[in-house]
Amino acid sequence: PTGSAGQWLAIGLGDVLLASVFPLMMLKAFGRRAGLLALALALGVICLLLMLPYWGLLQDTFPVMVLLGPVMVAQYAFWVRRRGTERTFWQFAAARQAY
């Protein structure tokens with residue numbers, strides 16, 4: 001519970017699912033650096049949204065995907081522009097074999 005009104009702070013299962021699968025997709029598509037950046041940004045956005053009620057900036061229900069979605073789209077656009085097309089699964093598997 002947060003605040004004096006007995007409100008609860010929560011995050012939806014779909015938000016958690018997308019925040020956990022997107023870094024894996026970025027790892028496969030563009031490599032380790034892209035995956036780690038996606039993980040850090042997803043955690044950062046979620047932590048920021050979970051802290052807003054404690055700072056008194058958020059009083060009502062707020063959909064996480066309003067902020068997390070554009071962050072994901074921006075990351076994908078950045079990596080496509082920087083690296084070109086995504087790696088196929090076979091390219092990803094071959095790169096993992098090299099380690």
Side-chain angles (χ1 to χ4, degrees):
T2 63
S4 60
Q7 296 173 327
W8 284 86
L9 183 63
I11 185 169
L13 182 60
D15 301 326
V16 172
L17 179 65
L18 279 174
S20 61
V21 171
F22 183 72
L24 296 174
M25 187 278 302
M26 293 297 283
L27 170 70
K28 177 253 173 218
F30 300 109
R32 176 176 276 165
R33 182 178 292 167
L36 289 174
L37 179 64
L39 179 65
L41 288 175
L43 285 174
V45 168
I46 290 172
C47 288
L48 173 73
L49 286 174
L50 291 176
M51 291 304 296
L52 288 178
Y54 288 111
W55 295 331
L57 300 174
L58 190 62
Q59 301 298 326
D60 203 7
T61 303
F62 187 82
V64 173
M65 277 299 150
V66 168
L67 291 180
L68 192 58
V71 169
M72 290 177 176
V73 170
Q75 288 176 79
Y76 184 79
F78 170 79
W79 288 106
V80 165
R81 188 172 184 88
R82 182 172 178 167
R83 296 257 174 111
T85 60
E86 295 181 28
R87 293 189 297 187
T88 64
F89 178 77
W90 305 114
Q91 291 169 331
F92 168 70
R96 298 297 284 180
Q97 292 284 337
Y99 290 121

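Note: the hydrophobic cluster containing Val45 does not contain Leu43 (ILVMFWY, side chain heavy atoms under 4.5 Å, direct or indirect links). Linking ILVMFWY residues whenever their side-chain heavy atoms come closer than 4.5 Å, directly or via other members, places Trp90 and Leu27 in the same cluster. Leu39 and Leu17 fall into different hydrophobic clusters, where Ile, Leu, Val, Met, Phe, Trp and Tyr side chains are chained together by heavy-atom contacts under 4.5 Å. Hydrophobic clustering places Leu49 together with Met72 (ILVMFWY residues linked when any side-chain heavy atoms are closer than 4.5 Å, directly or through intermediates). Under the 4.5 Å side-chain heavy-atom criterion for grouping Ile, Leu, Val, Met, Phe, Trp and Tyr, Met65 is not connected to Leu24 through any hydrophobic cluster.
The minimum heavy-atom distance linking Met26 with Ala38 is given by the pair CG-CB, 3.9 Å. Listed here is the closest heavy atom pair of Ala19 and Ile46: CB-CD1, 3.6 Å. In terms of heavy atoms, Leu37 sits closest to Trp79 at CD2-NE1, 4.0 Å. Minimum heavy-atom separation, Glu86 to Gln91: O-OE1, 4.3 Å. When every heavy atom of Ile11 is checked against every heavy atom of Asp15, the shortest pair comes out as CG1-CB, 3.8 Å.
Atom CZ of residue Phe92 and atom CD of residue Gln97 lie 10.5 Å apart, to the nearest 0.5 angstrom. Residue Phe22 holds its CZ atom at 4.5 Å from CD of Gln75, rounded to the nearest 0.5 Å. Atom CG of Leu68 is separated from atom CG of Leu41 by 9.5 Å, given to the nearest 0.5 angstrom.
Within a 6.0 Å radius of CH2 in Trp55, more than 12 heavy atoms belonging to other residues, nucleotides or ligands are found. Residue-environment remark: CG (Leu13) stays at or below the threshold of 12 foreign heavy atoms within 6.0 Å.
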